[in-house]
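The block underneath contains the structure these notes are about, expressed in C-alpha cells.
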Amino acid sequence: MINTNEILNKYDLRLTKTLGQNFLTDANIIRKIADAAELSEEDLVIEVGPGIGALTVFLAEKAGKVIAIEIDRKLIPALEETTAPYKNIELVHADALKVDIDRLINGWPGRVKVVSNLPYYVTTPIIMMFLEGNYPIERMVLMVQKEVAQRIAARPKTKDYGALSVGVQAQGIPSIMFNVSPNCFIPKPEVDSTVVRIMLTDECRKRITDYKVFHECVRAAFSQRRKTIINSISSSAYLGIDKQTAREILSELDLKEQVRGEELSVDQFILLSNLVAEKRKS
Ligand code: SAM
C-alpha cells in the first residue's frame, strides 16, 4: 500500500480541490474496489485520475494492463515513482474527456473495464463519455458522490430519476456496492461517497438503434423536467422532429400526449428513440 502522506511530503504536493483531488488512504476500501472489478490477466483497465497511484498499483497486481489517465502534471513524477515496479501500467498525461478511448483500447484481445475513484466535478461527463462512445466495455466500477450513485440506480417517477439514470440503465445494470466514509480520503471530501458497479452487456446495448439520437432524446426530455415529451423532443435542433411527428411517435407507443420524461421507463425511452431515429431518416 502506498504511503500517501509520505509521497505527498516527498514531492511537496498540495492537492487541488478544483480537480477533485481526494486521495484514498484506506487499504481495505481500495481492495474492495479492486475486488468489485473481478480482475484477471485478460483485463485491460482504464483508470481515470490515478492521483499518486494508490488504486492503480492494486489494479495492476491482478489486471493484464492498466491505462491510467491523469490530468495534473504536478502529480506525474510521484506517479511515475509509485508505479515504476509495474510494467503493465501505462501512464497517460491528459484530460480523460479529451483522449481517444478507441485508440487506447484498440487491439486488446480481452475484456475492457473502467475502474476509478472519479474526480467528482466531472462525474457525469466522464460516465456519459464512456456510454455514448459505445465502447466494448464490460463493466465500470466507480467511486462517486453518494447522491450520484442514487441517481444512477433510480427508478422512474422518483425525484432522483433523470438523464443519468436512463443513460446508464439503457446500456447496463447498475448496483450500489458499498458506501465510503469521508475519513477514508486525504483531504476529507465534504460529501459521502459510494462505489457503484455498472455491468454493460451487449444484450442491453443492441436494443438501441442510434446512440446519439437516444442520448439526445434523454437529454432533451430531462433538460426541463416540466416539459412534455412532445415539446422536448420537437424542440431539439439535433433530432429535427416536428410536433406532429412527435405526436405520432407517442401514439405508436400508446403513450398519452401529456407524458413527461420522468414518467417513461428506460425501455420506453429506448423504443421512443428508436422511432425518432427511424422517422428522422424518412
Ligand atoms: N485515484 C486516486 C485515489 O483514489 O487516491 C485519486 C482520485 S482523485 C478523487 C481524482 C483524480 O482525478 C485526481 O488525481 C485528479 O487530478 C484527476 N483528474 C481530475 N480531472 C481529471 C480529468 N479530466 N482527466 C483525468 N484526470 C483527472
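Remember, it's 1-based here, ligands and their atoms both numbered in the order they're listed.
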* State, to 0.1 Å, how close Asn22 and Pro187 come at their nearest heavy-atom pair, and which atoms those are. => ND2-O, 2.9 Å

* Structure fact -> ring-ring contact (aromatic ring centres under 6.0 Å, His included) filter on Phe269, not counting sequence neighbours, yields Phe222

* To do: Please examine the side chains of Leu142 and Val195, heavy atoms only from C-beta on, and report whether any two atoms are closer than 4.5 Å.
  => no

* **Side-chain H-bond candidate by donor/acceptor type, Ser193 with Tyr120, under 3.5 Å** => yes

* To do: Could you verify whether a donor N or O on one side chain and an acceptor N or O on the other, from Tyr211 and Gln171, lie under 3.5 Å apart?
  => no

* Asked: Quick check: does any side chain N or O of Lys74 sit under 3.5 Å from a backbone N or O of Arg14, one acting as donor and the other as acceptor?
  -> yes

* To do: Write down, by chain and number, every protein residue that brings a non-hydrogen atom to less than 4.0 Å from an atom of ligand 1.
  => Leu19, Gly20, Gln21, Asn22, Phe23, Leu24, Glu47, Gly49, Pro50, Gly51, Ile69, Glu70, Ile71, Asp72, Leu75, Ala94, Asp95, Ala96, Asn117, Leu118, Pro119, Tyr121

